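Below: the structure, in structure tokens.
All chains are named by letter (A, B, ...) in the order of the sequence lines, taking the proteins before the strands, and each is independently numbered beginning at 1. All figures in this text were calculated on a predicted structure; none of them were measured in a lab.
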Amino acid sequence: MRYWLMKSEPSVFTIEDLENSPLQTVKWIPTKGIRNYQARNFMRDDMSLGDLAFFYQSNCDKPGIVGIMKISRLAYPDPLQFIEGHKYFDPKSSIEKPRWLSVNVTLIKKIPLIELKQLRAFPKLKSMLILREGNRLSITPVLDDEWKFITDAIN
DNA sequence: GCCAACGTTGGC
DNA sequence: GCCAACGTTGGC
């Protein structure tokens with residue numbers, strides 16, 4: 001079992017949107033395609049059913065962790081890449097050789113916001129990828145120790 | 001809205 | 001395969 005951190009901009013998709021979705025399950029992210037090879041490769045190569053992930057809200061007033069999700073469907077082609085005219089249409093992709101993938105996630109629970117600046121304050125977390133300057137990757141692995149430390153802090 | 005830090009693109 | 005130009009991300 002692996003752990004992940006997945007970013008979403010609240011202007012695009014919020015934890016409440018996830019909460020209000022049927023079965024509290026969505027394609028990540030419903031209206032947006034992940035268009036970064038590193039993030040795609042994580043989904044394709046390293047994610048397993050039942051892996052857990054932090055829902056991280058980014059590019060907003062209070063960036064931070066707001067929930068816990070699980071991976072509920074393994075990587076599959078992102079349908080948005082095939083919709084001509086769509087923002088996430090990719091002419092270089094095809095049904096036979098899809099370039100971009102998604103996974104489904106299911107909400108486990110919302111948690112009280114743990115702000116980015118709080119995360120930064122914990123020496124134990126100083127190597128977290130999300131805290132690295134210039135980090136832009138929307139899906140990053142979380143180490144077992146980091147996951148345990150954060151989830152322990154919640155409880 | 002600024003801007004640093006990235007990833008991608010494409011000409012060569 | 002280099003690298004400048006460009007677009008995007010995301011904290012502030």
Side-chain angles (χ1 to χ4, degrees), chain A residues 2-21 26-47 51-71 74-105 107-143 145-147 149-151 153-154:
Chain A
R2 289 176 185 252
Y3 302 106
W4 305 94
L5 182 145
M6 300 167 81
K7 293 183 196 171
S8 179
E9 302 186 28
S11 63
V12 176
F13 185 70
T14 67
I15 185 105
E16 285 75 25
D17 292 333
L18 176 57
E19 187 178 29
N20 295 327
S21 297
V26 297
K27 184 206 85 144
W28 189 260
I29 295 175
T31 58
K32 182 177 172 171
I34 307 297
R35 295 291 182 267
N36 173 283
Y37 289 106
Q38 230 182 316
R40 181 203 66 184
N41 294 347
F42 280 140
M43 291 192 283
R44 185 189 62 196
D45 303 331
D46 299 320
M47 277 189 180
D51 280 2
L52 298 176
F54 290 126
F55 186 121
Y56 179 94
Q57 59 181 25
S58 66
N59 201 11
C60 58
D61 273 357
K62 292 187 186 261
I65 295 170
V66 291
I68 294 175
M69 317 182 282
K70 70 174 175 190
I71 305 304
L74 292 175
Y76 60 97
D78 176 7
L80 301 182
Q81 71 195 306
F82 304 126
I83 304 173
E84 213 156 332
H86 193 282
K87 181 179 179 191
Y88 290 96
F89 176 69
D90 185 344
K92 293 180 182 168
S93 190
S94 66
I95 301 279
E96 298 74 29
K97 292 194 82 177
R99 174 178 290 198
W100 304 111
L101 305 174
S102 299
V103 295
N104 284 3
V105 297
L107 180 66
I108 290 184
K109 61 176 178 179
K110 295 208 291 184
I111 62 169
L113 170 68
I114 307 173
E115 285 190 62
L116 176 59
K117 59 185 173 189
Q118 292 177 270
L119 295 173
R120 288 195 194 285
F122 293 119
K124 272 221 158 195
L125 301 179
K126 70 173 193 300
S127 58
M128 267 191 95
L129 289 175
I130 189 69
L131 304 181
R132 263 196 35 208
E133 189 187 0
N135 168 54
R136 289 169 38 183
L137 204 52
S138 67
I139 297 175
T140 48
V142 173
L143 300 180
D145 284 353
E146 297 164 346
W147 182 273
F149 182 80
I150 294 171
T151 51
I154 297 166

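- In this model, the phosphate group of C/dG10 is approached by a side-chain N or O of A/Lys7 to a distance below 4.0 Å at OP1 or OP2.
- Ranked by how close their nearest DNA chain B nucleotide is to the 5' end, A/Gly134 and A/Arg99 are led by A/Gly134.
- Protein atom CE of A/Met6 is 13 Å distant from nucleotide atom P of C/dG10, rounded to whole Å.
- When the P atom of C/dG11 is taken as reference, atom CG of A/Asn135 falls 9 Å away, rounded to whole Å.
- Checked against C/dG10, B/dG10, C/dG11, the side chain of A/Lys92 finds its nearest nucleotide in B/dG10.
- One atom, CD of A/Glu9, and another, P of C/dG11, lie 9 Å apart when rounded to the nearest Å.
- A donor-acceptor contact shorter than 3.5 Å is absent between the side chain of A/Thr140 and the backbone of A/Ile130.
- Within 6.0 Å of CG in A/Asp61 there are 12 or fewer heavy atoms belonging to other residues, nucleotides or ligands.
- Considering CG of A/Asp90 and CD of A/Glu84, their distance stands at 11.5 Å, rounded to 0.5 Å.
- Phosphate proximity of C/dG11 to A/Tyr56: present, with a side-chain N or O under 4.0 Å from OP1 or OP2.
- Here the nucleotide nearest the side chain of A/Leu116, chosen from B/dG10, C/dG10, C/dG11, is C/dG11.
- Protein atom NZ of A/Lys62 is 13 Å distant from nucleotide atom P of C/dC12, rounded to whole Å.
- For A/Lys27, the salt bridge (Lys or Arg N to Asp or Glu O under 4.0 Å) partners at least two apart in sequence or on another chain are A/Asp78.
- Note that CD of A/Gln57 and CD1 of A/Ile65 are 10.5 Å apart. Values are rounded to the nearest 0.5 Å.
- Counting to the nearest Å, the C1' atom of C/dG10 and the CG atom of A/Leu119 are 15 Å from each other.
- Using a 30° and 60° split on the angle between ring planes, A/Tyr3 and A/Trp147 fall in the parallel class, below 30°.
- For residues 31-47 of chain A, proximity to DNA chain B is found at A/Asn36, A/Tyr37, defined as any non-hydrogen atom under 4.0 angstrom from a strand atom.
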